[in-house]
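A short worksheet on the structure shown next.
Whatever order the structure lists ligands and atoms in, that order sets their numbers, starting from 1. Each residue takes its place number in the sequence, starting with 1.
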Amino acid sequence: MQKGKFITIDGVEGAGKSTQINFICGYLKDKGINVALTREPGGTELGEKIRTLLLSPKTKSMHSDTELLLMFAARNEHIHAKIMPILEKGDWVLSDRFTDASYAYQGGGRGLDVDRIAKLEEWVLQDFTPDMTLLLDVPVELGMSRVESRGEKDRIELEDMDFFNRVRDAYISRSKQFPDRIKLIDSSETVEHTKEQIKIILDSL
Ligand code: Z5A
């Protein structure tokens, strides 16, 4: 039986997830909440191996269905071996990306049938969903300009602007579909501005 809260954070490239994650962990700890940080794809030993397969530019070609199935295989391990046991102890979990990313990247970006993603979600997650999702939103060009000084791109980052615009559109449409859970946060201004919006949401939990 889940006792802790499960929070996820998502968004397009350069939206500032990593920047805000540090703030969120500190803010929750100051409130006396034990929060474990994890990420997708990954989060477990096996999941991190799957992450390497998924993101390495050395993995030259991969069928889009294979990509989707690997995301869900890593997620299944993540939920059972890590997330659930932490929540059952009463601690909170903050995951850097979760299932919404599969709808955005594999559904929106790759154009996979959303109904097939929903079937996998039902199979793997059953009725397990985040208590709250923080969706950091930024126009794709602005996000890209923030990350352009980074080194080598991963396999998915090598996609073009149209791909990332479809990803962003899919995220926004999910936030409209699930307005109670997915909180759309404007991350196009300063780090402080994004932080203030996140604080208000966390205080409401
Ligand atoms: N993926 C998928 O396809 N399907 C799935 O189901 C899942 C994932 C779960 C790995 O993600 C990839 O997996 C990802 C989606 C796919 N692929 N892509 N592309 P990741 O989360 O590990 O990788 P990432 O998207 O590159 O994450 P990131 O580095 O944590 O995100 P970020 O939003 O770019 O964070 P940042 O480092 O905090 O910010 C980037 C820069 O912007 C940095 O220099 C900051 O100082 C700056 N920044 C941040 N906020 C601001 C503001 N407000 N103003 C100005 N500058 C800012």
Side-chain angles (χ1 to χ4, degrees), residues 8-25 37-44 47-48 50-57 59 62-79 82-83 93-112 114 116-118 120-121 124-125 130 133-168 170-171 174 185-199:
T8 65
I9 183 162
D10 237 303
V12 290
E13 296 296 286
K17 287 186 297 103
S18 301
T19 310
Q20 299 298 337
I21 277 168
N22 293 329
F23 160 70
I24 295 167
C25 285
L37 175 61
T38 189
R39 69 172 181 181
E40 287 209 350
T44 63
E48 290 295 322
I50 297 174
R51 180 186 177 92
T52 304
L53 288 174
L54 278 163
L55 299 186
S56 170
T59 311
M62 186 182 294
H63 192 283
S64 298
D65 287 346
T66 310
E67 186 177 271
L68 177 70
L69 289 165
L70 285 175
M71 292 292 177
F72 272 95
R75 182 163 300 133
N76 188 64
E77 197 61 24
H78 195 199
I79 293 167
K82 187 167 186 184
I83 298 174
V93 174
L94 173 62
S95 183
D96 182 351
R97 298 197 186 279
F98 197 61
T99 311
D100 296 304
S102 298
Y103 282 95
Y105 283 82
Q106 283 67 53
R110 301 277 187 231
L112 293 185
V114 168
R116 294 178 67 202
I117 303 175
L120 276 177
E121 181 183 23
V124 171
L125 278 84
T133 296
L134 303 166
L135 176 56
L136 304 191
D137 180 56
V138 74
V140 171
E141 286 199 9
L142 175 58
M144 290 298 178
S145 71
R146 289 178 181 171
V147 297
E148 71 189 4
S149 60
R150 278 185 191 161
E152 196 189 6
K153 292 183 170 184
D154 69 37
R155 197 181 56 84
I156 296 176
E157 284 167 347
L158 288 167
E159 291 298 332
D160 60 18
M161 292 294 279
D162 287 350
F163 175 92
F164 290 108
N165 275 310
R166 290 196 299 276
V167 170
R168 182 185 182 214
Y171 270 131
R174 291 233 1 123
I185 295 165
D186 172 20
S187 196
S188 64
E189 295 186 35
T190 61
V191 171
E192 258 334 291
H193 180 255
T194 307
K195 223 178 251 183
E196 286 309 315
Q197 297 171 77
I198 292 177
K199 242 193 244 179

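Asp96 contributes atom CG, which lies 7.5 Å from atom CG of Asp10 (distance to the nearest 0.5 angstrom). With rounding to the nearest 0.5 angstrom, the CE atom of Met71 is 15.0 Å from the CG atom of Asn76. To the nearest 0.5 Å, the span separating CG on Leu70 from CE on Met62 amounts to 5.5 Å.
Neither the backbone nor the side chain of Lys195 comes within contact range of ligand 1; no heavy atom lies under 4.0 Å.
Of the listed residues (Phe163, Phe164, Tyr105), the one carrying the non-hydrogen atom nearest atom 15 (C) of ligand 1 is Tyr105. Distances from atom 45 (C) of ligand 1 to the heavy atoms of Val138, Thr19, Leu70 put Thr19 nearest. Heavy-atom proximity to atom 25 (O) of ligand 1, evaluated over Lys17, Glu189, Arg97, His193, is greatest for Arg97. By heavy-atom distance, the residue among Gly14, Gly11, Ser149 lying nearest atom 34 (O) of ligand 1 is Gly14.
Counting protein heavy atoms only, atom 19 (N) of ligand 1 is closest to Glu13 OE2, 2.9 Å. Looking only at heavy atoms of the protein, atom 6 (O) of ligand 1 is closest to Ser102 OG, 2.6 Å. Considering only non-hydrogen protein atoms, atom 13 (O) of ligand 1 sits nearest to Pro41 CD, 3.7 Å. Looking at atom 47 (C) of ligand 1, its nearest protein heavy atom turns out to be Arg146 CD, 4.2 Å. For atom 30 (O) of ligand 1, the closest non-hydrogen atom of the protein is Ser18 OG, 2.4 Å. Atom 16 (C) of ligand 1 has Ile156 CD1, 3.8 Å as its closest protein atom, hydrogens excluded (heavy atom only). With hydrogens left out, the protein atom closest to atom 22 (O) of ligand 1 is Arg51 NH2, 2.7 Å, a heavy atom. For atom 7 (C) of ligand 1, the closest non-hydrogen atom on the protein side is Ala101 CB, 3.5 Å.
Aromatic ring pairs are classed by plane angle as parallel below 30°, tilted from 30° to 60° and perpendicular above 60°; the pair Phe164 and Tyr105 is perpendicular.
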Exercise for the section: May I have the step-by-step check of salt bridge (charged side-chain N to carboxylate O under 4.0 Å, His left out) for Lys199 and Glu192, ending in yes or no? Expected result: CA-CA 10 Å; Lys199 242 193 244 179; Glu192 258 334 291; 5.8 Å; no

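Ligand-side atoms of ligand 1 in range of Val147: 34 (O), 40 (C), range being under 4.0 angstrom from any heavy atom. With ligand atoms numbered from 1 in the order given, ligand 1 contributes 21 (O) to contacts under 4.0 Å with heavy atoms of Asp96. Within the listing of ligand 1, atoms 50 (N), 51 (C), 52 (C), 53 (N) sit less than 4.0 angstrom from a heavy atom of Val191. For ligand 1 and Leu55, the ligand atoms under 4.0 Å from any heavy atom of the residue are 10 (C), 12 (C), 13 (O).
Ligand 1 does not have Glu159 within reach: every non-hydrogen atom of the residue lies 4.0 Å or more from it. In this structure, Arg39 does not count as a contact residue of ligand 1, since none of its heavy atoms falls inside 4.0 Å of the ligand.
A salt bridge links Arg116 with Asp65: the closest approach of a Lys/Arg side-chain nitrogen to an acidic carboxylate oxygen falls below 4.0 angstrom. Note on Glu159 versus Arg110: salt bridge recorded, some NZ/NE/NH1/NH2 to OD/OE distance being below 4.0 Å. At a threshold of 4.0 Å, the pair Glu13-Lys153 does not count as salt-bridged, since none of the basic side-chain nitrogens sits closer than that to a carboxylate oxygen.
Ligand 1 has a nitrogen or oxygen under 3.5 angstrom from a nitrogen or oxygen of Gly16. Between Arg75 and ligand 1, at least one N/O pair is under 3.5 Å apart. Taking distance alone, with nitrogen or oxygen atoms compared against 3.5 Å, Ala15 approaches ligand 1 more closely than that limit. At under 3.5 Å, a nitrogen or oxygen of Gln106, whether backbone or side chain, sits near a nitrogen or oxygen of ligand 1. Polar contact with ligand 1: absent for Met71 (N/O pair, distance under 3.5 Å).
Shortest non-hydrogen contact noted between Asp186 and Ser188 is OD1-OG, 2.6 Å. Nearest heavy-atom pair, His78 versus Arg39, reported as atom, atom and distance to 0.1 Å: CE1-O, 3.5 Å. Closest of all the heavy-atom pairs between Gly14 and Arg146 is O-NH1, 2.9 Å. Of all the heavy atoms in Pro57 and Leu158, the pair that sits closest is CB-CD1, 4.4 Å.
Annotation: side chain of Glu189 is not in contact with side chain of Thr194 (no heavy-atom distance under 4.5 Å).
Heavy atoms of other residues, nucleotides or ligands lying less than 6.0 angstrom from CD of Glu141 number 12 at most.
For atom 43 (C) of ligand 1, no protein non-hydrogen atom is found at a distance below 4.0 Å.
A cation-pi arrangement is absent between Arg174 and Tyr171, since the terminal nitrogen or guanidinium carbon is not both under 6.0 Å from the aromatic centre and inside a 45° cone about the axis.
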